[in-house]
Amino acid sequence: MLDIRLIRDSYKAVRENLGRRHDPEKLALLDRLVEDDARWRELTGVVNDLRRRRNEISAEIARVMKEGGDALSLREEAGKIPRQIVDAETERDLYGGRVRDALMQLPNLLHESVPYGVDESDNEEIRSVGKPPAFDFEPKSHAEIAVGLGIMDLERAAKVSGSGFYYLKNELALLDYSIMRYAIDHLMGKGFVLVEPPYMLRRKPYEGVTDLGDFEDVMYKVEGEDLYLIATSEHAMGAMFMDEVLNAEGLPIRFCGVSPCFRKEIGTHGKYTKGLFRVHRFNKVEQFIFSLPEQSWGLHEELQRNCEELYQELGIYYRVVNVCTGDIGSIASKKYDVEIWMADGEFREVGSNSNCTDYQARRLNIRYRMKEGQAPVGFVHTLNNTALATSRTMVAILEQYQQEDGSVVVPEALRPYMNGIEVIKGALNPLIN
RNA sequence: GCCGGGGUAGCCAAGCGGACUACGGCGCCAGUCUUGAAAACUGGUGCUCCUCGGAGCGCAUGGGUUCGAAUCCCAUCCCCGGCGCCA
């Protein structure tokens, strides 16, 4: 959420910034917001005047009655006011509600270093690390490999749950847990606090962390309850300090969240959906930071280094892009995506790293104070980064570490977590195909 | 799930239809004093709007009763205790 006062004071600059997103609807929304806000302020004055009249007369009635007098005519006059107040309030609230709704729909302001562009083809490649594996055979997709090894079953998952689900077995299930433990150990070693959050959130905190459109396209709602399955632990961790004031001396707070992620993936037809790449549930280890405003840009780079270390130690070939103004989404002020190289020669996103500045914090009312006992001075900044999403990391490992015979070499960094398994051969469970 | 008790400012806490302009304390800020600090004393300490002098709002949240609600009524949420159920 943007600061209404910033919009009032710097309308032109805000409009120009939002204009870089190639979304004319948002600009129209902004213009309407400014008009509605002016009307709201006008009506607030009217309501205040009426309330002042009422308060004055009520005080007069109290005084007269205390002196044993009869306040009949005053009471009659006072009796007319509530109706007027209700009418004026009703109109004021109409505009107030419109202002609030518009504020909740306006995206974050973009950082100046975000490249200008229309869609993902305009994202700016910053660097690539590693190199494509030198196969002297025709490489297979991860789905072919995993099904071939008998360590993944998509058909039976589709039978009972529909497409986008999977059964993982033996080495691949173990690989999933190994990736999580590997990422957890890496981040805890850097002082991140490990958090296993609630897997469901109420609507109100959820509106604070995400785009409202996600309630239709992304999150699963629990029937008959005010609860939504989390699409990422980012959401549960961001909401954690809702309506609180944090002490500056305790910032930044670094969290390492681990959870399953549930996503409807509505509107993703036509995108790459094979195998484990785009699924309705996967596990993820997430970095999340609450910081002071002046710390967040430095921390954004720190998160990026941390997650790239994870890919580098795994020996995965990847590249980093600076996501452009047309592709960045509404919450982030700046976003880096990490994309892995896949066996068909394409790079695809495995994780992203966002500085959300004060956008989520203002929606969630998470402020900070300089010292215990002092008044809050502003909103914290929040940052989130996919350390490792297990599903897509497994895609990278299966495709980049595959061998001609269909087996897959386990990256050395994961072997301690894989009971020492060096090569996945799929021989552990011969009776189930 | 049932029965009690509760939710008041950053924290603790009083008030329980009209002088509430929400008692008091802690913390915090400023001033006095001091070489400096502490202590002591004095004042301040939430949000919104505008015509910067004010006004309005604020007692978990949302409704209602009333000329007037922190106070009475209803609903919801959360916390504590007891009972029930349970991995």
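Proteins get letters first, then strands, A, B, ... in listed order; numbering begins at 1 in each. Quick note: numbers below take in every heavy atom, side chains included, and nothing from hydrogens, waters or symmetry partners. Just so you know, these numbers come straight off a predicted model, no measurement behind them.
- Closest to the side chain of N55(A), from the set G10(B), C49(B), C57(B), is C57(B).
- Residue whose closest nucleotide on RNA chain B sits further toward the 5' end, between I4(A) and R54(A): I4(A).
- Side chains of Q312(A) and Y318(A): a donor-acceptor N/O pair is present below 3.5 angstrom, by distance only.
- Rounded to an integer number of Å, the gap from CD of E225(A) to C1' of U76(B) is 14 Å.
- Relative ring orientation between H300(A) and W297(A) is described as perpendicular, the plane-to-plane angle rising above 60° on a 0-90° scale split at 30° and 60°.
- Here N48(A) does not reach the OP1 or OP2 of C57(B): none of its side-chain N or O atoms lies under 4.0 Å away.
- The interatomic distance linking L50(A) (CG) with G68(B) (C1') rounds to 16 Å, in whole Å.
- For the C1' atoms, the distance linking C72(B) with U65(B) amounts to 8 Å, nearest Å.
- Across A13(B) and U8(B), the matching C1' atoms stand 9 Å from one another, rounded to whole Å.
- We find that CE of M242(A) is positioned 12 Å from C1' of A60(B), with the value rounded to whole Å.
- Note on R5(A): only backbone sugar-phosphate atoms sit closer than 4.0 angstrom, heavy atoms only; bases stay farther off.
- Side chain of K264(A) to backbone of E216(A): a donor-acceptor contact under 3.5 angstrom is found.
- Ring geometry, F290(A) versus F255(A): the interplanar angle exceeds 60°, so the pair is classed perpendicular (tilted spans 30 to 60°).
- For the C1' atoms, the distance from C78(B) to G31(B) is 42 Å, rounded to whole Å.
- Taking atom C1' on both nucleotides, G5(B) is separated from A37(B) by 47 Å, rounded to a whole Å.
- For L43(A) and C50(B), the CG to C1' distance is 14 Å, given to the nearest whole Å.
- Side-chain contact check for Q360(A) and T382(A): at least one donor-acceptor pair (N or O, by modelled atom type) lies under 3.5 Å.
- When rounded to the nearest whole Å, the span between CZ of R8(A) and C1' of C50(B) equals 11 Å.
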Writing each nucleotide of RNA chain B 5' to 3' as (, ), [, ], | or . by Watson-Crick or G-U pairing under 3.5 Å yields ((((((((.[[[..)..(.....]]]((((((.......))))))(((((..)))))..[[[[[..)....]]]]])))))))....
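- At least one side-chain heavy atom of S291(A) sits less than 4.5 Å from a side-chain heavy atom of L383(A).
- Across the P atoms, C47(B) and G43(B) are found 23 Å apart, a figure rounded to whole Å.
- Nucleotides G58(B) and G68(B) have their P atoms positioned 14 Å apart, rounded to a whole Å.
- No hydrogens or angles considered: a donor-acceptor pair under 3.5 Å links the side chains of Y228(A) and R203(A).
- Taking the P atom of each, G10(B) and C23(B) are spaced 15 Å apart, rounded to whole Å.
- Looking only at distances, no side-chain donor or acceptor of S178(A) sits under 3.5 Å from a matching main-chain atom of L414(A).
- The same atom, C1', is picked in G44(B) and in C49(B); the two are 23 Å apart, to the nearest Å.
- As judged by a 4.0 angstrom heavy-atom cut-off over every strand, R92(A) is placed among residues making no nucleic acid contact.
- Atom pair D243(A):CG and C47(B):P shows a separation of 15 Å (rounding to whole Å applied).
- With the nearest nucleotide of RNA chain B identified for both P376(A) and R51(A), P376(A) has the one nearer the 5' end.
- For the pair R202(A) and C77(B), the criterion of a side-chain N or O lying under 4.0 Å from OP1 or OP2 is not met.
- Residue contacts shown for D49(A) are absent, as no nucleic acid heavy atom lies under 4.0 Å away.
- A side-chain donor-acceptor contact under 3.5 Å links R281(A) and N283(A).
- Atom CD1 in I85(A) sits about 14 Å away from atom C1' in A69(B), given to the nearest Å.
- The nucleotide whose nearest atom lies closest to any side-chain atom of K371(A) is, among C29(B), G18(B), G56(B), C29(B).
- Put simply, CG on D93(A) is 13 Å from C1' on C57(B), counting in whole angstrom units.
- The listed nucleotides are G10(B), G56(B), C67(B); the one nearest the side chain of S58(A) is C67(B).
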